[in-house]
Amino acid sequence: MSKAFNEPSFRDGVNLMVDRAIAVMQLEEGVAKAIKSCNAVLQVQFPVKIRGKIEVFTGWRATHSTHRLPSKGGIRYAPYANQNEVEALAALMTYKCAIVDVPFGGSKGALMIDPSQYSRDEMEMITRRFTLELIRKDFLSPSTNVPAPDIGTGQREMAWIADTYKQLKPDDINYVACVTGKPIHHGGIHGRVEATGRGVQYAVQEFFRHPEDIKMANMQGSLEGKSCVIQGLGNVGYHVAKFLSEEDGVKITAVIEYNGALINDEGIDIEALRQHIDAHEGIQTFPSALFVEEGAQVLEKECDILIPAALESQITMANADRIQAKLIVEAANGPITFGADEILQKKGVVIIPDAYANAGGVTVSYFEWIRNISHIRFGRMQRRHEEMRGMEMSRVLEEATGHPLSDQIRHKMSRGADELDLVRSGLDDTMRLAYQEIRTTMDNDENIHDLRTAAYVTSIQKIARSYLEIGVY
Ligand code: GLU
């Protein structure tokens, strides 16, 4: 956070962006207030005995909205975690779910902890204890509040959470749906790990299907060959960089990590870099790029697309003026502060906002939750049927044309969709439709000039409808 510019907190920044959207809408003041307010915040402190000594941990779970249930959102493990951040992130979840038509309320949790300081067994003990607190206080169940991974957590933590819930609520037939982002063998869904990165890729692809938007960002042509700077090579950054470079021909000209950055204008091989990081625990010695220590400065490097995929408040009033990217895609939550957003807009930089761009994670969480409560994997009923129909079609085609089909074509035509195919197709459809909705909102209102405001207006319209239909009681 850039203290010199006295910028608002993360939570206030999100509210200011929402206010900017509400200002162009005809919305009753009370409804706007109801939508913006955070329904409940739980703070817990609990002791855990670590290496013979008692340590007290602090955690939060904020439920921003319950107009749709369950309320949904990740749990973050970070030493800097705090209530303001959790509330901001919970609010973002409300708007995000509405944008992509995921019928959930918004929630978020965090535990103040540096996971690198604890062993696997200690992390398990702490996570199970935190879960117990959430269950006891009614902040975790398949029908009311469903966590997921976020920074510092992953499949491992989600499996511990699900198992703790199961032990405490053995008669809940839907226990496995109490959390998403689980390992495949514990009720997870194919494609959840890559989902947020995949969603960002689909968002960028959809952007490049709109010639007027490409022009708005002062670019030309297709996605292929565009230069891209990525900040953060965690789960989201890694997947988006990998997919954009390997599948769409984007050149990743810089990767920024917390301890420096790598630059190569010819493009960085993301898979090679990932393997290097795993083997050497850092980017410093990666041979095929230039290492620079001042990572943050690389955000200012000239490029077509800048993708912040790390933490919030990375582009602030202190550096926004120097950003040279034409398009910024917010893969992280809240990487651009409110003040920076205004500066970038004036400069003509186009921003694909977080509440839309990184909604792939919660979208696939929704698919996982449905899979869990319906107790059946996607594709189980229809896959072989589709396969048979495809085979029949190829046979008819061969008969009608008198030409045999190549093995490749026959295989393509007759392959029934498996779970991963269906998840990707559902996610792609979701991201395309949501973008088109946001775009229509912008086209229909001459007072809306940016995608963030358009996204919030689209989202708030849907939430307001649900408040007004049900009524306030
Ligand atoms: N933590 C992710 C997010 O910020 C995913 C939330 C979820 O899947 O519930 O969107």
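If you're wondering where the values come from, they're calculated on a predicted model, not measured in any experiment. Both counts, for ligands and for their atoms, begin at 1 and track the order of listing.
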Find all protein N or O atoms under 3.5 angstrom from an N or O atom of ligand 1 and list the pairs with distances, or write 'none'.
| from | atom 1 | to | atom 2 | distance (Å) |
| --- | --- | --- | --- | --- |
| ligand 1 | 1 (N) | Pro149 | O | 2.9 |
| ligand 1 | 1 (N) | Asp150 | OD1 | 2.8 |
| ligand 1 | 4 (O) | Lys96 | NZ | 3.2 |
| ligand 1 | 4 (O) | Lys108 | NZ | 2.9 |
| ligand 1 | 4 (O) | Asn333 | ND2 | 3.2 |
| ligand 1 | 8 (O) | Arg192 | NH2 | 3.0 |
| ligand 1 | 8 (O) | Ser365 | OG | 2.6 |
| ligand 1 | 9 (O) | Lys72 | NZ | 2.8 |
| ligand 1 | 10 (O) | Lys96 | NZ | 2.8 |

Residue list, ring-ring contact (aromatic ring centres under 6.0 Å, His included) with Phe104, at least two apart or on another chain
Tyr366, Trp369
Do NZ/NE/NH1/NH2 and the carboxylate oxygens of Arg424 and Glu194 come within less than 4.0 Å?
yes
Please list all pairs meeting salt bridge (charged side-chain N to carboxylate O under 4.0 Å, His left out) that have one or both residues in residues 153-163, counting only residues at least two apart or in different chains.
Arg128-Asp163
Would you please classify the geometry between the His276 ring and the Phe286 ring as parallel, tilted or perpendicular, with 30° and 60° separating the classes?
perpendicular
Results of ring-ring contact (aromatic ring centres under 6.0 Å, His included) for Phe338 - residues two or more places apart only:
none
Does the Lys NZ or Arg CZ of Arg20 fall within the cation-pi geometry relative to Tyr456 - under 6.0 Å from the ring centre and within 45° of the axis?
no
